[in-house]
Amino acid sequence: MSFGKGSHLHLIDGSAFIFRAFHALPPLTRKSDGLPVGAVQGFCDMLRRYIAKDHGRDFPTHIAVIFDKGSHTFRNELYDQYKANRDEMPEDLRPQIPLTRRATEAFNIACKEIEGFEADDIIATLAVQARDAGGRVTIVSSDKDLMQLVGGGVEMFDAMKNRVIDAEGVVEKFGVGPERVVDVQALAGDSVDNVPGAPGIGIKTAALLINEFGSLEELLDRAEEVKQPKRRETLIEKRDQIELSKKLVQLDCDMDLPFTLEDLEARDPDPDTLLGFLAEMEFRSLSKRIAEALGEEAPVIPETAPQAADGEAEAEDQPDFADATYTAIRDADTLQVWIDRARERGYLAIDTETTGLNEMTADLVGVSLCIEAGEAAYLPLAHRGAADGDLFNSDELTEGQMDAGEALALLKPLLEDPSVMKIGQNMKYDAKILARNGIDIAPIDDTMLLSYALHGGLHGHGMDMLSERYLGHKPIPIKELIGSGKSQITFDRVEIDKAVRYAAEDADITLRLWKLLKPQLHRHHVTRVYERLERPLVPVLADMERAGIKVDRNTLSRMSGAFAQKMAALEEEIHELAGEKFNVGSPKQLGEILFDKMGLEGGKKGKTGAYATGADVLEDLATEHDLPARVLDWRQLSKLKSTYTDALQEHINPETGRVHTSYSIAGANTGRLASTDPNLQNIPVRSEEGRRIREAFVAEEGKVLVSLDYSQIELRILAHIAGIDALKEAFRDGQDIHAATASEMFNVPLDEMTPEVRRQAKAINFGVIYGISGFGLARNLRIPRAEAQGFIDRYFERFPGIRDYMNDTTAFAKEHKRVETLFGRVIHTPEISASGPRAGFARRAAINAPIQGTAADIIRRAMVRMPAAIADLPAQMLLQVHDELIFEVAEDAVDELIATAREVMEAAPHPVLTLDVPLVVDAGQGANWAEAH
DNA sequence: GCTATCACG
DNA sequence: GACGTACGTGATAGCC
């Protein structure tokens, strides 16, 4: 087919794509030999869209992947420093480049490269040819150089972000249309490609100048007319350099190509070739998906034994999931066989199925067991007739199930047998369910926590994810059994045969993951982290969650009513001030009222096109007008009512009268816990009105709530890690640390300290923990940026150790792609070498992680030791809020509890670590949490 | 399902 | 000089 009107050419910038994929995606290696293939997989996944034909009207008639070839191009002849500051290609990316070419060929897509030419120029030439022939062009790339080409039927597509870039997008980026992009680039230069441009002029200024003068040539000829002296001089003095820059950034649209557009016609891939290549790469789920799209059988990829040499997994050969045998256990004899086998083996994987996700209300429906990969059994205990079946019989237990009591009585000795390891995925869930059935499961291993200790920061730790990633197997989605949304059924309504396949598979997967991950602990030096900080927390948290905390419904309900009244009054007032009724809770409507209708200054639209109406914006507006101030009040009440006084009531368990949160151990990257359903780690405290919600959290009659919290633990850890003598001394002397910092920084004696100066020092102290920036501090303190930067400079001058810590930590993260806490917890930082704003995020996260993570480790150690320490006291640990533990204790044992728990908390780093600063724990007590805190 | 907002340490 | 920024979370409401 000849190329012309109606044709649509897709040009994929291959080199740029794999560079970005390499940095954006996790470092996947081929299991059999450790060959890095993450970028290749990302590339193939992108090409998969062409197989799936889910492009709609944009499906290409012609397509090619274009690569760079050779490092020396005509631009180096013009300027020997062109791209001279490029980093070496990462070691792990190098071997993936030829593989990417092979991938392109396997997809039967034209693969083009020309020695001595950049992909950009080939793409430019092809795009112009295609456009001139009357066709459409989509350039799959986000390289800003290619933005010159946009318009007249040419658009760009950012495959990583799944976003089309058209002429409008170009204007957004460069401030000028595509035809003037070169001019702006020539002025602004490009640090990545080492294009010099005009010193002192960035994209913003360049766009301004080009828009004013019409073109670069015009600007340079009339440079005398530029008003700003500095700019004028630069433009005149650096004219040659600017003109050279233009030549460097200008794409060559007129290359002699040894092929034609017709050669790029889209062709269907040969399934054997393509699937063969994917199998060779060992892309399990990808080859399955592509096989499905092609209507072919997925290739069988053997579960090869990874080579020990590469230091990664060394799981024994595990059988194919397709060959697995999953059976039902329907009688005591069969169950006994499984129990005996588990005893003999010394371990088993186990998974419980229940009627819901809430362990406090869900009922046990069945238990699955696995001792050998590929061989698992499901023990159904409480399956009932289908919900839509005969009403009369629907609650009857289905035939062929063991009596639950009998089965659990047989299982109990095994599950409590100290010589048999029980393996689960997220064992806290199963432990709680079993505890409610009288079984104290121990000892345990948890594949979720293995993954967390090994790979925290790299990816999530849910079973579906781990299975796809490490076993190349997509588990049966639970939705296939129970549906979703309104028509969702509970697991006890699932047919037993279906339940067997699903439940047994989960136990099978868990066992396989355990065999794969457990041996890696040692090699990654996280055995102690897993054994001391992750695993022992499971029973401790299970106990706390089961205990719950008593919440007084009447208190909440009264507050809800009061809030509702106040809100209604405020709402009326707001509508009056606005002159019309609108939904105060809608940021979109509020923005339009404030900035469009009322014409207030300072309206800024975010990326969605809506005005920002956050608290900081409204606070600024509140000086000008009453309405924003009322909205702030309304928002506060609305938050308190919906999230706390209303929602908390729903969480009171009718059986216990208490609220039972659930802590996720592997949720936060730094090692912190996260509290969900409900979140009891963000109960209001900072505002007077909000703090009253804590009055609803109460102790039982005759008991008291006690709260113990670490004082300034993160700053103490910073002082220790960064070795800041002045801070250490201040902590040893028990000084007010923020006042001490202020005194040191501003040379103000402590007894002359003003609250304002102290406040600023406090903001800086916190900023340091977060990876301070002038911008962030300025915003926080609402002071000019230059002033904030001045504070930071002075701070670093007085505490040079902190700057060293930040630099050292960043350098360590860049080298190792991870940081560590003082207790050896590893937090991976894959984004640390990213470019653009993401690099800043990653850097600050890397600076923060060892500090926040060490604090998290310390309180984890305290929590693990706490139950034994207070075993003889009539006390129970209920909640953790990052640096605070809340207990419920009999009135007459309060003092003893405080003394004991404080000792455990203050000594938590021992014996592994002795901090250079003391840990101080403050205590409070009362009938409710507001009093105790 | 995404975004904005706001509650906590 | 320019870019876009404080770290870590979870719940709710609005909106497509």
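Note that the structure is a prediction, hence the values are computed from the model and not measured. Chain A is the first sequence line, chain B the second, and so forth, proteins listed ahead of strands; every chain is numbered from 1.
Heavy atoms of Ile772(A) sit under 4.0 angstrom from at least one base atom. Across all strands shown, Asp709(A) has no heavy atoms under 4.0 Å from either base or sugar-phosphate atoms. Ala612(A) comes within 4.0 angstrom of sugar-phosphate atoms only, judged by non-hydrogen atoms across all strands, and of no base. Backbone-only contact: Asn679(A) has heavy atoms under 4.0 Å from sugar-phosphate atoms and none from a base. Counting non-hydrogen atoms under 4.0 angstrom, Glu714(A) reaches nothing in the nucleic acid. The residue Ala763(A) sits close to a base: some heavy atom pair falls under 4.0 Å. Ser675(A) comes within contact range of the sugar-phosphate backbone alone, with a heavy-atom separation under 4.0 Å but no base atom that close. Using a 4.0 Å heavy-atom criterion, one finds that Gly771(A) contacts no nucleic acid atom at all. Phe841(A) comes within contact range of the sugar-phosphate backbone alone, with a heavy-atom separation under 4.0 Å but no base atom that close. Ala610(A) comes within 4.0 angstrom of no nucleic acid atom, judged by non-hydrogen atoms across all strands. In this structure, Gly840(A) reaches neither bases nor backbone, as no heavy-atom distance under 4.0 Å exists between it and the strands shown. Residue Ala615(A) is in sugar-phosphate contact alone, with no base atom involved, counting any heavy-atom pair closer than 4.0 Å across all strands shown.
Side-chain proximity of Thr676(A) to dA6(C), dA11(C), dA7(B): nearest is dA11(C). You'll find that the side chain of Ser642(A) is closest to dA13(C), out of dA13(C), dA7(B), dG8(C). Nearest to the side-chain atoms of His882(A) among the listed nucleotides dG9(B), dC7(C), dC3(C) stands dG9(B). Of the candidate nucleotides dC7(C), dC3(C), dG9(B), dC3(C) has the atom lying nearest to any side-chain atom of Lys204(A). Of the candidates dA6(C), dA7(B), dG8(C), the closest approach to any side-chain atom of Asn780(A) belongs to dA6(C). Closest to the Gln589(A) side chain, of the nucleotides dA7(B), dT5(B), dC15(C), is dC15(C). If you check dG9(B), dC7(C), dA2(C) against the side chain of Val685(A), the one that comes closest is dG9(B). Picking from dG8(C), dG10(C), dT5(B) the nucleotide with the shortest atom distance to the side chain of Ala674(A) gives dG10(C).
Between the CG atom of Leu680(A) and the P atom of dT9(C) there is a distance of 18 Å, given to the nearest Å. Distance OH (Tyr770(A)) to P (dC8(B)): 13 Å, rounded to an integer number of Å. Between Arg825(A) atom CZ and dG8(C) atom C1' there is a gap of 13 Å when expressed in whole angstrom units. Counting to the nearest Å, the P atom of dC8(B) and the NE2 atom of His933(A) are 10 Å from each other. When the C1' atom of dG14(C) is taken as reference, atom CD of Glu592(A) falls 13 Å away, rounded to whole Å. Between Asp922(A) atom CG and dG9(B) atom P there is a gap of 14 Å when expressed in whole angstrom units. Atoms CZ (Arg843(A)) and C1' (dC3(C)) sit 15 Å apart, rounded to a whole Å. In this entry the distance linking CZ of Phe766(A) with C1' of dG8(C) reads 13 Å, nearest Å.
A donor N or O paired with an acceptor N or O is found under 3.5 Å between the base of dT5(C) and the side-chain atoms of Arg785(A). Residue Arg672(A) places no side-chain atom within donor-acceptor reach of the base of dG10(C), judged by atom type and a 3.5 Å distance cut-off alone. Taking only distance into account, the side chain of Arg686(A) meets the base of dG9(B) through a donor-acceptor pair shorter than 3.5 Å.
Between atom CZ of residue Phe796(A) and atom CD1 of residue Ile792(A) there is a gap of 6.5 Å, rounded to the nearest 0.5 Å.
Distance noted for atom P between dA4(B) and dA6(C): 13 Å (whole Å). Between dT3(B) and dT5(C), the two P atoms lie 14 Å apart (nearest whole Å).
No hydrogens or angles considered: a donor-acceptor pair under 3.5 Å links the side chains of Ser707(A) and Glu884(A). Using a 3.5 Å distance cut-off with no hydrogens or angles, the side chains of Gln185(A) and Asp145(A) do pair a donor with an acceptor. Side-chain atoms of Thr613(A) and Lys588(A) form no donor-acceptor pair, as typed in the model, at a separation below 3.5 Å. Ser560(A) and Thr645(A) share a side-chain donor-acceptor pair at under 3.5 Å. In the model, Tyr611(A) has a side-chain atom that pairs as donor or acceptor with a side-chain atom of Asp596(A) under 3.5 Å.
With a 3.5 Å ceiling on both atom-pair distances, dA2(C) lacks any Watson-Crick or G-U wobble partner.
Phe791(A) and Tyr795(A) have their aromatic ring centers separated by at least 6.0 angstrom.
Phosphate proximity of dG14(C) to Asn583(A): present, with a side-chain N or O under 4.0 Å from OP1 or OP2. OP1 or OP2 of dG10(C) has not a single side-chain nitrogen or oxygen of Thr643(A) nearer than 4.0 Å. Regarding contacts with the backbone of dC15(C), a side-chain N or O of Ser586(A) is found under 4.0 angstrom from either OP1 or OP2. Lys588(A) has no side-chain polar atom (N or O) that falls below the 4.0 Å cut-off from OP1 or OP2 of dT3(B). Taking only side-chain nitrogens and oxygens, Arg844(A) comes nearer than 4.0 Å to OP1 or OP2 of dC7(C).
Place Ile203(A) and Gly776(A) on DNA chain C by their nearest nucleotides, and Ile203(A) ends up nearer the 5' end. Across the interface with DNA chain C, nearest-nucleotide mapping of His651(A) and Gly774(A) shows Gly774(A) to be the residue nearer the 5′ end.
Annotation: Lys597(A), atom NZ; neighbour count of heavy atoms from other residues, nucleotides and ligands within 6.0 Å is above 12.
Distance alone, capped at 3.5 Å, places no donor-acceptor pair between the Ser711(A) side chain and the Val921(A) backbone.
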